[in-house]
Amino acid sequence: MAEPLRAVKGMNDILPPDSARWEWLEDKIRALMHRYGYANVRTPIVEPTALFVRGLGEVTDIVEKEMYSFVDSMNGDRLSLRPENTAGVVRAMTEHSFLRDGGRRLFYIGAQFRHERPQKGRQRQFHQIGAEALGYAGPDVDAELILMVRALWRELGIVEERDVRLELNSLGQPAERLAHRAALISHFEAHAGELDEDAKRRLHTNPLRILDSKNPAMQALIEAAPKLPDFLGAESLAHFDAVRAVLDAAGLAYRINPRLVRGMDYYNLTVFEWITDKLGAQGTVCGGGRYDGLIEQLGGKPAPAVGFGLGIERLLLLIQELGLPVPAGAPDAYAVIADPALLPPAMVALESLRSQGVAVQMHAGGGSMKSQFKKADASGARFALVFGPDEVARGMVAVKPL
């Protein structure tokens, strides 16, 4: 007998009843996005590798170590499973000239792929909810996206400041970041002996990422490094102040974190993360920011953009950790059919109920009334609908609470 095949490591099946939790959360997200005027977009899982190299940056961890890339055996094209969705959305908007009539507010729900070490809240196939607002330059949309995430927390019963907290920063504009980058290199070069191997590798390619290091031995050196806010000009500071003014007016607490840089090269101006202490090392539940240069970088006409990504697996873990109520996806009723001869009228009745929006699971495969009631209890339904000979003869059904 052949050995049974198994799923790829880090790429997991989502089975009932867990899948009902996913459907419930996705329905909440769709309803929220539509209330804010965001329309759904769906892009391919496989994209040209060059899209991510050009979009994310050649020396980012994602491109260097984590992408699932391959050569198409039919035509030699270099392709990758998408490690994130923003670049694909920008590619789609550019390819189809979707911004010619003005800005677009879009959202997506889908699988992403990164070759990481699987652990709780971090898998090789993971799923993201994302919102992207393209063609809008003002701080108003930055603030709108952050407030949209807060609206989601409130709808799910997650309490900001207690369960999640908002961290905020501004990365300024490219020229300001270049000045900060030069200062960072000078600082770390002066302390080269204190750098770990990862920091040495990044020193001249992406020194900003050294600030993300979790190495305890480097924290004092990182804390003493030049801070980006000291390099921001008046326009960048005004944009950041305008975002903060909206959040302040809305009563949303936040912490300014000058070390917050995000993992992709394309960010500028506002960046933000929603962080929790409830999930151990995997603390970031949602992150995003502005990426005004990415559309031009990927071949489109220059246009501003801002967005966020939110991990579904991590959010569901947080909901579970907090003990928040989640519908089990059970049917409203379970149909118990006493005799196979009663199946035709019973099924006609069930179809009528379903057409009125009642979720009914029909018992299948026969069996005694006792065994059918055990299945009814296990289904999670609130009621059993009992089709017995006497009930059917009178055109009725017995309704029993479970």
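Other residues, nucleotides and ligands contribute over 12 non-hydrogen atoms within 6.0 Å of the NZ atom of K200. Other residues, nucleotides and ligands place no more than 12 heavy atoms under 6.0 Å from the CE atom of M396. Enclosure of atom CZ in R42 is not indicated, since only 12 or fewer non-hydrogen atoms of other residues, nucleotides or ligands lie within 6.0 angstrom. Annotation for K375: atom NZ does not count as buried by contact number, only 12 or fewer foreign heavy atoms lying within 6.0 Å. In the displayed structure, E155 atom CD is contacted under 6.0 Å by more than 12 heavy atoms of other residues, nucleotides or ligands. Counted within 6.0 Å of CZ on R259, heavy atoms from surrounding residues, nucleotides or ligands total more than 12; the atom is thus considered enclosed.
Between the side chain of E84 and the backbone N or O of T86, at least one donor-acceptor pair lies under 3.5 Å. A donor-acceptor contact shorter than 3.5 Å links the side chain of Q372 to the backbone of I337. Judged by distance alone, with hydrogens and angles left aside, the side-chain atoms of H180 form no donor-acceptor pair with the main-chain N or O of E176 at under 3.5 Å. At distances below 3.5 Å, not a single donor-acceptor pair connects side-chain atoms of E313 with backbone N or O atoms of R122. Although no hydrogens or angles enter the test, the distance criterion places a donor-acceptor pair under 3.5 Å between the side chain of T49 and the main chain of L79. R114 places a side-chain N or O within 3.5 Å of a backbone atom of P83 that can act as its donor or acceptor partner. With hydrogens and angles ignored, the 3.5 Å screen pairs no side-chain donor or acceptor of R91 with any backbone N or O of E47. A donor-acceptor contact shorter than 3.5 Å is absent between the side chain of R78 and the backbone of S69. Looking only at distances, a side-chain donor or acceptor of Q219 sits under 3.5 Å from a matching main-chain atom of S213. Not one N or O on the side chain of N257 forms a donor-acceptor pair closer than 3.5 Å with the backbone of L168.
Applying the side chain to side chain donor-acceptor pair (under 3.5 Å) test to residues at least two apart or on different chains, the pairs with a partner in residues 7-23 are N12-Q123. Residues in residues 326-343 take part in these side chain to side chain donor-acceptor pair (under 3.5 Å) pairs, two or more places apart or across chains: Y334-H363.
Put simply, CZ on R244 and OG1 on T270 are 11.0 Å apart, with the number rounded to the nearest 0.5 Å. Going from atom CG of L152 over to atom CD1 of I29 covers 4.0 Å, rounded to the nearest 0.5 Å. To the nearest 0.5 angstrom, L134 atom CG is 11.5 Å from F98 atom CZ. Rounding to the nearest 0.5 Å gives a distance of 5.0 Å between CG of L195 and CE of M218. To the nearest 0.5 Å, atom CG of residue L51 and atom CG of residue L56 are 7.5 Å apart. Distance check: F113 CZ to R82 CZ gives 7.0 Å after rounding to the nearest 0.5 Å.
In summary, the side chains of Y291 and E132 do present a donor paired with an acceptor at a separation below 3.5 Å, with no hydrogens or angles considered.
Salt bridge status for K374 with D377: absent, with no side-chain N to carboxylate O gap under 4.0 Å. Between E160 and R154 there is a salt bridge, since at least one side-chain N of the basic residue sits less than 4.0 Å from a carboxylate O of the acidic one. We find that K278 and E321 are not joined by a salt bridge, their nearest charged nitrogen and carboxylate oxygen being 4.0 Å or further apart.
The aromatic rings of H191 and H187 sit tilted, their planes meeting at an angle between 30° and 60°.
Considering all non-hydrogen atoms of both residues, I210 and A199 come closest at CD1-O, 3.5 Å.
Between M33 and I129, the closest side-chain pair of non-hydrogen atoms falls below 4.5 Å. Contact check for L385 versus L353: side-chain heavy atoms found under the 4.5 Å cut-off. The closest side-chain heavy-atom distance from R165 to D277 is below 4.5 Å. Side-chain atoms of I319 and L315, non-hydrogen and from C-beta on, do get closer than 4.5 Å to each other. Within the 4.5 Å cutoff, the side chain of L237 has no heavy atoms near those of the P229 side chain.
Judged by the 6.0 Å and 45° rule, R105 forms a cation-pi pair with Y136.
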### Query
Can D163 and W153 be said to form a side-chain contact (heavy atoms from CB on, under 4.5 Å), step by step?
CA-CA 9 Å; D163 302 329; W153 302 150; over 6 Å; no
